Amino acid sequence: MDFELTADQREIQALAREVADTEIAPDAAAWDREHRFPDELFPKLAELGFMGVCVPEEYGGAGADFLSYVLVLEELSRADAGVGVTVAVHTSATTLPILAFGTEEQRSRFVPPLARGEEIGAFALTEPSSGSDAGSLRTTAEPDGDGWRITGSKQWITNGSRAGTFLLFARTDPETAGARGVSAFVLDATHVRVTREEEKLGLNSSTTSDLVLQGVRVERDRLLHEEGRGFRVAMATLDGGRIGIAAQALGIAQAAYDAAREYALEREQFGRRISEFQAIQWKLADMATEIDAARLLTYRAAWLKQQGRPHTAEGAKAKLFASETARRQTAEAIQVLGGYGYTKEFPVERYYRDAKVTEIYEGTSEIQRLVIARELLGRQLREEPVARA
Ligand code: CAA
């Protein structure tokens, strides 16, 4: 076993850390307060290769490995989790599935503008009536000549109002209910209409939009992978995407720990620095331990993915643990800062608000447990209740 990062991984991590500290952290509180998507930031990230970290150079990316990408997400999210999710959805949930499931023509047409950051990507699966039960989606793609006409609505689409390329899921076979009969399409911004921007508890520097498609005509070359096999594309995409969200949660938790530690070393009460009290020491020790465990789970899942090995349950475990760590430990950071922690004078209340959604999107914690349990118990879990009925 080797727990060391490679020289290349350390270099990319250091670069991401520097960019996060100089270009993102100083503005993060203002972006949050103003609910502002930092349009000007993404060309800078693109210049450094951060919009296509793990995309091969021949497709316009930086050609680094998946763990390097996870390191970048962790660092960006430490400074601003909204920036983290923008890059995560753009990369894991749009660019990488086109690379993995696209034809050579689709890869060379759609991936380079994404990997070079000329366009932002979005993943349009969720609908008003289909969240956790993603297979119940209602958007339809009706055959029309050699292509389809897509009609439906999508909800809570990260990057929805900024994206140039969408990976969108629609039902091509209306006769088949559930996951079968769903197909994946690569669409442009011209195909979708943004109808609403969501107001959220946190992640205010990212956009979350509702989309509508009204009989939009798409050609056959927009179909990604085989017709009727789109749900597998969605699930395989989320297998990797969840590792990215684990990295985002890890970055938020690390930021909260850093702020709590720094404050504890400075703040004096009862004539001593509060870091000298065991009550505070134990909080910091628990934070550091959980963050360490979350990091190990996340890096292992990333390593398995880049080895091309199964990583469905490992990614789910990483996301489950890292997101719950982020929620718990951002709350603990507020506790360490006391009254100051509850105010906007310090960033920990933002970390607390930003952390919560990591337990919800790309599959709730309950769905992660279901994915892990299915791996533990296999198909029995799905078939037994039916057999008993
Ligand atoms: N990889 C490849 N294929 C997979 C798979 C995987 N990990 N998991 C399942 N499949 C395949 C199955 O083999 C099956 O294929 P066949 O029909 O060919 O046999 C098909 O997919 C259906 O599988 P299930 O029967 O397991 O499907 P299900 O309806 O029981 O649902 C679920 C499973 C895990 C609950 C799934 O619906 C799920 O993950 N739900 C959560 C949805 C989610 O995470 N949404 C996130 C939205 S995106 C987002 O949040 C982005 C953002 O903004 C940050």
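In this text, all values refer to a predicted model and were calculated from it rather than measured experimentally. As the structure lists them, so they are numbered: ligands from 1, and atoms in each ligand from 1.
When Glu362, Gln368, Arg242 are checked for heavy-atom proximity to atom 39 (O) of ligand 1, Arg242 turns out nearest. Within the set Met235, Lys319, Arg232, the minimum heavy-atom distance to atom 15 (O) of ligand 1 is found for Arg232.
Distance alone, capped at 3.5 Å, is enough to place a donor-acceptor pair between the His311 side chain and the Arg309 backbone. Between the side chain of Asp354 and the backbone N or O of Gly202, no donor-acceptor pair lies under 3.5 Å.
An N or O contact shorter than 3.5 Å is missing between Asp133 and ligand 1 by distance. Where the criterion is an N or O separation shorter than 3.5 Å, residue side chain and backbone included, Tyr361 fails it with respect to ligand 1. Residue Gly363 has at least one N or O atom closer than 3.5 Å to an N or O atom of ligand 1.
Near Thr126, the atoms of ligand 1 lying under 4.0 angstrom from a non-hydrogen atom of the residue are 47 (C). Taking a cut-off of under 4.0 Å to the non-hydrogen atoms of Val89, the atoms of ligand 1 that pass are 52 (C), 54 (C). Close approach of ligand 1 to Arg229 (heavy-atom distance below 4.0 Å) involves ligand atoms 18 (O). Short contacts between ligand 1 and Gly131, defined as distances under 4.0 Å to a heavy atom of the residue, involve ligand atoms 42 (C). Under a 4.0 Å criterion applied to the non-hydrogen atoms of Arg374, ligand 1 contributes the atoms 24 (P), 26 (O), 30 (O), 33 (C). Set against the non-hydrogen atoms of Phe123, the atoms of ligand 1 under 4.0 Å away are 48 (S). Below 4.0 Å from some heavy atom of Thr312 lie the following atoms of ligand 1, by number and element: 7 (N). Within ligand 1, counting atoms from 1 as listed, the ones closer than 4.0 Å to a heavy atom of Ala179 are 22 (C).
Proximity of Gln248 to ligand 1, defined as any heavy-atom pair under 4.0 Å, is not found for any part of the residue. By the criterion of a heavy-atom distance under 4.0 Å, the side chain of Phe231, and not its backbone, is placed next to ligand 1. At a heavy-atom cutoff of 4.0 Å, ligand 1 is contacted by the side chain of Arg180 but not by its backbone.
Surrounding CZ of Arg261 are at most 12 heavy atoms belonging to other residues, nucleotides or ligands under 6.0 Å away. Atom CD of Glu104 sits in a crowded spot, with more than 12 heavy atoms from other residues, nucleotides or ligands closer than 6.0 Å.
Residues Trp156 and Val194 fall into different hydrophobic clusters, defined by Ile, Leu, Val, Met, Phe, Trp and Tyr side chains chained together at heavy-atom separations under 4.5 Å. Note on Val182: it does not cluster hydrophobically with Leu213, by side-chain heavy-atom contacts below 4.5 Å among ILVMFWY residues.
Side chains of Glu362 and Val89 form a contact here, defined as non-hydrogen atoms less than 4.5 Å apart. Counting only heavy atoms from C-beta outward, the side chains of Thr86 and Arg162 never approach each other to under 4.5 Å.
Every pair passing side-chain hydrogen bond (donor to acceptor under 3.5 Å, both in side chains) that includes a residue from residues 230-240 is listed here, sequence neighbours excluded: Asp239-Thr312. Legend: side-chain hydrogen bond (donor to acceptor under 3.5 Å, both in side chains) pairs involving residues 42-52, not counting sequence neighbours, sorted by first then second residue: Glu23-Lys44.
Ligand 1 lies within reach of Ser132, whose nearest heavy atom is under 4.0 Å from it.
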Run the side-chain hydrogen bond (donor to acceptor under 3.5 Å, both in side chains) test on Asp286 and Thr289 for me, step by step, so that the C-alpha distance in whole Å, both residues' side-chain angles and the decisive distance to 0.1 Å come before the verdict. CA-CA 5 Å; Asp286 284 346; Thr289 305; 5.3 Å; no

